[in-house]
Amino acid sequence: MSFKRASSICLLAFSVLCFSTFVLGQAAQLPPSHSEHPHATNMNLPSGVTDKCDPQFTYDDGPRGPTHWQGVCTTGQMQAPIDIKDPEGIPIPPLPPLQFSYQPADLDMVNDCNNYLVKLRFPTNRWLKYRRKPYRLSEIRFREPGETAVDGKRPPMALQFVHLSPETTILIIEVPVVAGKENPVIKKLFQHIPKSGKEDKVANAKINPIDLMPVDHSYYRFPGSLTTPICNEGVQWFLMKHPIEMSQAQINQYRKYYHDTARPLQPLNSRPLVESK
């Protein structure tokens, strides 16, 4: 074998090794990939259940506060949440509707003390379609206050519906919550909030996610990121234009667990921002 040919082979092998290392490094930061089979049941984010509460970040000023969060939290150009101002109005069609196919599921609640939130989990398939693409509902996260603002105002609370595509693309629908009438679905849920770091599965208590959506499904849409470290970008964000109601007593009840858990608003950076009509 000639010296030139041997050198070429070594160079090719080294390039393949570098590329493989890069791909594996990127994959380690994303949820695991999944089959497109509509009945696959392993498409889910980590539960957040842990033996101890040991948060790696805070919402307060300090060495672990938002200005010091790791990853692309301080360097990314498409970070969330944002303040929605002057969106481009696009009627439906051509802006497609959100097509919900949620079904009742057994109640599964997690008190995720490491991420400062209570959430509902959906370990079996519950689908959403957008632009004919299926997304699986993984969990619903409670936020206090709501994260995405409109004209500088955040709602007292919000629910974030976190979905995954078969290619692990993340789509989040945020539903604002305002103070009003007592919410019967929330009343049932709040009877089963587990202790910090624990999970409570209630086989005889069904929950249908569509009952936590407003009747009007018009929305704002923008590209963004996760709102906790490491703030991965490439997330599709939808903010429902109409809120759901919870009583002030219910909002106060949630605040006993977590409050002031919204990430500071991030620069818009000229990203596309549209609203359906």
Side-chain angles (χ1 to χ4, degrees), residues 22-48 71-73 76-82 90 92-105 108 110 112 115 117 119-143 147-148 158-175 207-210 212-213 217-240 263 266 271-276:
F22 172 79
V23 170
L24 289 173
Q26 295 295 311
Q29 299 183 33
L30 296 172
S33 60
H34 303 280
S35 167
E36 292 194 27
H37 194 284
H39 299 293
T41 59
N42 62 342
M43 260 179 64
N44 210 35
L45 296 173
S47 68
V72 295
C73 301
Q77 297 299 304
M78 293 287 179
Q79 291 290 292
I82 62 171
I90 299 179
I92 297 178
L95 203 59
L98 294 161
Q99 298 177 296
F100 297 100
S101 299
Y102 298 152
Q103 298 294 325
D108 184 352
V110 173
D112 187 351
N115 286 284
L117 54 82
K119 62 188 180 184
L120 301 172
R121 300 191 70 232
F122 297 89
T124 55
N125 284 300
R126 302 286 178 259
W127 289 96
L128 161 79
K129 280 190 177 181
Y130 185 70
R131 296 189 184 276
R132 299 182 180 180
K133 186 177 184 64
Y135 293 85
R136 183 200 174 289
L137 178 62
S138 177
E139 59 190 38
I140 299 176
R141 301 169 177 173
F142 290 76
R143 292 287 186 186
E147 291 202 291
T148 306
L159 303 182
Q160 293 176 348
F161 292 62
V162 183
H163 304 77
L164 296 175
S165 75
E167 299 81 19
T168 65
T169 300
I170 299 176
L171 183 154
I172 299 177
I173 300 174
E174 185 168 4
V175 177
I207 174 70
N208 191 333
I210 201 65
L212 294 171
M213 278 281 174
H217 295 160
S218 55
Y219 59 81
Y220 302 101
R221 188 192 72 195
F222 61 93
S225 69
L226 299 180
T227 58
T228 55
I230 51 178
C231 308
N232 303 65
E233 295 188 338
V235 178
Q236 295 188 69
W237 274 89
F238 294 77
L239 175 68
M240 303 306 279
R263 185 188 184 191
Q266 302 297 302
R271 77 187 78 186
L273 175 59
V274 298
E275 65 173 316
S276 65

Find out whether R271 and I82 are in side-chain contact, i.e. whether some heavy atom of one side chain is under 4.5 Å from a heavy atom of the other.
-> yes

Do V72 and S225 have side-chain heavy atoms sitting under 4.5 Å apart?
-> no

Take I140 and V162 through the side chain to side chain contact (heavy atoms under 4.5 Å, CB included) test and state the conclusion after the steps.
-> CA-CA 6 Å; I140 299 176; V162 183; over 6 Å; no

Side chains of Q236 and Y135: donor-acceptor distance under 3.5 Å anywhere?
->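 Yes - a donor-acceptor pair under 3.5 Å links their side chains.
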
Just checking, any donor-acceptor pair under 3.5 angstrom between side chains of Q99 and R132?
->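 The criterion, which ignores hydrogens and geometry beyond distance, is not satisfied for R132 and Q99.
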
How many angstroms lie between [atom1] in [X] and [atom2] in [Y], if you round to the nearest 0.5 Å?
X: L159; Y: E139; atom1: CG; atom2: CD; value: 12.5 Å
X: S218; Y: E275; atom1: OG; atom2: CD; value: 8.5 Å
X: T227; Y: E174; atom1: OG1; atom2: CD; value: 8.0 Å
X: L120; Y: I207; atom1: CG; atom2: CD1; value: 6.0 Å
X: N232; Y: Q79; atom1: CG; atom2: CD; value: 9.0 Å
X: C231; Y: Q266; atom1: SG; atom2: CD; value: 7.5 Å

Show the nearest heavy-atom pair for residues [X] and [Y], with the distance to one decimal.
X: P96; Y: Y130; answer: O-CE1, 3.4 Å
X: P272; Y: P223; answer: O-CD, 3.3 Å
X: V175; Y: L212; answer: CG1-O, 3.9 Å
X: R263; Y: P81; answer: O-CG, 3.4 Å
X: L98; Y: L128; answer: CB-CD1, 4.1 Å
X: R141; Y: K119; answer: CA-CB, 4.0 Å

Partner set under salt bridge (charged side-chain N to carboxylate O under 4.0 Å, His left out) for [X], not counting sequence neighbours:
X: K133; result: E167
X: E147; result: R143
X: R126; result: none

Any donor and acceptor pair, going by atom type alone, linking the side chain of [X] with main-chain N or O of [Y] inside 3.5 Å?
X: T148; Y: L239; answer: no
X: N208; Y: I210; answer: yes
X: R221; Y: L273; answer: no
X: H163; Y: I172; answer: no
X: E233; Y: M78; answer: yes

Would you check, one step at a time, whether the test side chain to side chain contact (heavy atoms under 4.5 Å, CB included) holds for T169 with L164?
-> CA-CA 6 Å; T169 300; L164 296 175; over 6 Å; no

Per the ring-ring contact (aromatic ring centres under 6.0 Å, His included) rule, which among Y219, F222, F161 passes with F238?
->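 Per the ring-ring contact (aromatic ring centres under 6.0 Å, His included) rule, the option paired with F238 is Y219, out of Y219, F222, F161.
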
May I ask you to check whether F100 and H217 place their ring centers less than 6.0 Å from one another?
-> yes

